[in-house]
Amino acid sequence: MLLRLPTSVSEAQECLAEGAVPVGGATLVWATWQREGFPELAMSLRKLPQANVIGAERLGAAVLLGQIDGRVPDVLRRAAGTVGTGAVRRAATVGGNLVGSALRCLLPAALVLDARATVLESDGVRETDLAEVVAKRPLLLSLHWSAPLACAYRKLPADAGAPPPLVVASALHAGGAGAGEGGGAGYGVRVAVRDGYEVFEVAAVTGADPEETLESLRATALGDLPAAAWTVVRPQVLDLLAPER
């Protein structure tokens, strides 16, 4: 297997055109390659500057999970910190987790930030939403978002071999940002829940009464979640909407 390490977007584009298989930390594909055979040509983005940025409003796809720190919103930092073991986090990448993993541990955090994705295709770079990233699995270059006012994350413990643990992420945005239709004034809250392998994400414009916001959330797909999920969602949202914020 020949591994290419492009240092520019145009070089990465050429690699794609040549049929190179994207590979990050290879934590999810190595066993498959050993079983089914290695590709002739692979490509890593670890030398591409656009895929290695870490900041308050942007995160590169080639960034290792173990490198994610306080420069990004806490919801993303905490999500990355719960993935696998330390050895996994020192090898696994943001792109591999979002595009290659069935669990997509970073997805709830990225959704509540209302993140957009920059992807690379053989005909150029474009921006898209996370729904397309999950469905079509393009080559992810980076994520970007507007910094939230506050955010929170919780992943419940689970036994080895058990179903994926429940994950709840939430974020409070100014001006109703990301709260959907009618989210112009005030504040907007976004909540994402991973229940099993399914991720549910909703948004609501907050009012003066936090309980009304919770009722708005219950009227969405979140209302069908088991009671155990709401024992996490409710206090998390109420904390985000606390007056002292």
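The structure presented is a predicted model; accordingly, all values stated were derived computationally and were not measured. Count residues from 1 along the sequence.
Between the side chain of Glu11 and the main chain of Thr7, a donor-acceptor pair closer than 3.5 Å is present. With hydrogens and angles disregarded, no donor-acceptor distance shorter than 3.5 Å links the side chain of Arg78 to the backbone of Arg154. Judged by distance alone, with hydrogens and angles left aside, the side-chain atoms of Arg190 form no donor-acceptor pair with the main-chain N or O of Ser170 at under 3.5 Å. Put simply, the side chain of Thr82 gets close to the backbone of Ala79: a donor and an acceptor are under 3.5 Å apart. Judged by distance alone, the side chain of Arg194 and the main-chain N or O of Val199 form no donor-acceptor pair under 3.5 Å. Under the 3.5 Å distance criterion, the side-chain polar atoms of Trp145 are left unmatched by any main-chain donor or acceptor of Val112. Although no hydrogens or angles enter the test, the distance criterion places no donor-acceptor pair under 3.5 Å between the side chain of Glu40 and the main chain of Met1. Looking at Gln50, its side chain never comes within 3.5 Å of a backbone N or O of Val9 through a donor-acceptor pair.
For residues 205-216, the salt bridge (Lys or Arg N to Asp or Glu O under 4.0 Å) pairs, not counting sequence neighbours, are Glu211-Arg234.
The line from CG of Leu59 to CD1 of Ile68 is 5.0 Å long, rounded to the nearest 0.5 Å.
A 4.5 Å side-chain heavy-atom check between Asp129 and Arg116 finds at least one atom pair inside the cut-off. When side chains are defined from C-beta on, Val205 does not count as touching Tyr187, because their heavy atoms never get closer than 4.5 Å. In this structure the side chain of Leu3 reaches within 4.5 angstrom of the side chain of Val23, judged on heavy atoms. Side-chain contact between Leu141 and Leu48 is present, with at least one heavy-atom pair separated by less than 4.5 Å. At least one side-chain heavy atom of Lys155 sits under 4.5 Å from a side-chain heavy atom of Cys105. Side chains of Leu139 and Leu45 form a contact here, defined as non-hydrogen atoms less than 4.5 Å apart.
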Show your reasoning for whether salt bridge (Lys or Arg N to Asp or Glu O under 4.0 Å) applies to Arg126 and Glu132.
CA-CA 12 Å; Arg126 66 182 178 88; Glu132 182 176 349; 2.3 Å; yes
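Listed here is the closest heavy atom pair of Arg89 and Ala80: CD-O, 3.2 Å.
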